[in-house]
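Inspection log for the structure reproduced underneath, given as structure tokens.
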Amino acid sequence: QVQLVESGGGLVQAGGSLRLSCVASGLTFSRSAMAWFRQAPGKEREFVAAINWRFGSTIHADSVKGRFSISRDNAENTVYLQMNSLKPEDTAVYYCAAGTLALVDAARYTYWGQGTQVTVSS
């Protein structure tokens, strides 16, 4: 049974930082592409960042480039999202996802976590 468990969310002031973690189990993590998506109230789920398994290549949404960084630790079956210079518009539930390729399309990911809330106050 595949499980993705996110942690690290919380309340932070604008300009602050948070690091999200997602621990995976029940899958071959080292051969899985991992991604972060987010969903704000009343909005559709949107792509944030993804990382491939093979060379660790990454892609980031334009809205977070230069502020957020995705990374992975295959020994710990964990993917991270370092979020700096947070803005109120970053407020959302952040979801971890696992799939075959690092893509921006949420439909291409097979497994999802339950999400962790990030709230950025102005």
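Just so you know, these numbers use all the heavy atoms, side chains as well, and skip hydrogens, waters and symmetry mates.
With rounding to the nearest 0.5 Å, the separation of OG1 in T28 from CH2 in W53 is 10.5 Å. The line from CZ of F29 to SG of C22 is 7.0 Å long, rounded to the nearest 0.5 Å. The distance from atom CG of D73 to atom OG of S30, rounded to the nearest 0.5 Å, is 11.5 Å. Interatomic distance, CE of M34 versus OH of Y109, reported as 9.0 Å (0.5 Å rounding). Note that CD1 of I70 and SG of C96 are 8.0 Å apart. Values are rounded to the nearest 0.5 Å. Taken to the nearest 0.5 Å, the CZ atom of R31 stands 12.0 Å off from the OG1 atom of T100.
Atom CD of E89 sits in a crowded spot, with more than 12 heavy atoms from other residues, nucleotides or ligands closer than 6.0 Å. Within a 6.0 Å sphere centred on CZ of R67, heavy atoms belonging to other residues, nucleotides or ligands number more than 12.
The two atoms that bring V48 and V64 nearest to each other are O-CG2, 3.6 Å, heavy atoms only. When every heavy atom of H60 is checked against every heavy atom of S69, the shortest pair comes out as NE2-CA, 3.5 Å. In terms of heavy atoms, P88 sits closest to S122 at CG-CB, 3.9 Å. Closest of all the heavy-atom pairs between N84 and S17 is OD1-OG, 2.9 Å. Closest approach of T78 and E76 over heavy atoms only: OG1-O, 2.8 Å. Across L27 and Y111, no two heavy atoms sit closer than the pair CD2-CD1, 4.1 Å.
The closest side-chain heavy-atom distance from Y94 to E6 is not below 4.5 Å. Looking only at side-chain heavy atoms (C-beta outward), V118 and L20 come within less than 4.5 Å of each other.
Two different hydrophobic clusters hold F68 and Y95 under the rule that ILVMFWY side chains link at heavy-atom gaps under 4.5 Å. In the hydrophobic cluster analysis, where Ile, Leu, Val, Met, Phe, Trp and Tyr join through side-chain heavy atoms closer than 4.5 angstrom, V93 is grouped together with F47. Residues I51 and V5 are members of separate hydrophobic clusters, defined by side-chain heavy-atom contacts under 4.5 angstrom among Ile, Leu, Val, Met, Phe, Trp and Tyr.
The list of salt bridge (charged side-chain N to carboxylate O under 4.0 Å, His left out) pairs with a residue in residues 45-56, not counting sequence neighbours, reads R38-E46.
N52 places a side-chain N or O within donor-acceptor distance of the main-chain N or O of A102, the cut-off being under 3.5 Å.
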Discussion item. Between V79 and W36, is the side chain to side chain contact (heavy atoms under 4.5 Å, CB included) condition met? List the steps.
Written reply: CA-CA 9 Å; V79 62; W36 289 94; 3.9 Å; yes

Practice prompt. Any chance you could lay out the salt bridge (charged side-chain N to carboxylate O under 4.0 Å, His left out) test for D90 and K87, step after step, and finish with the verdict?
Written response: CA-CA 5 Å; D90 294 319; K87 304 175 181 179; over 6 Å; no

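Scanning for side chain to side chain donor-acceptor pair (under 3.5 Å) contacts around Q117 gives T119, with sequence neighbours left out. Listed by chain and residue number, F37 satisfy the ring pair (Phe, Tyr, Trp, His ring centres under 6.0 Å) test with W112 (two or more places apart in sequence, or in another chain).
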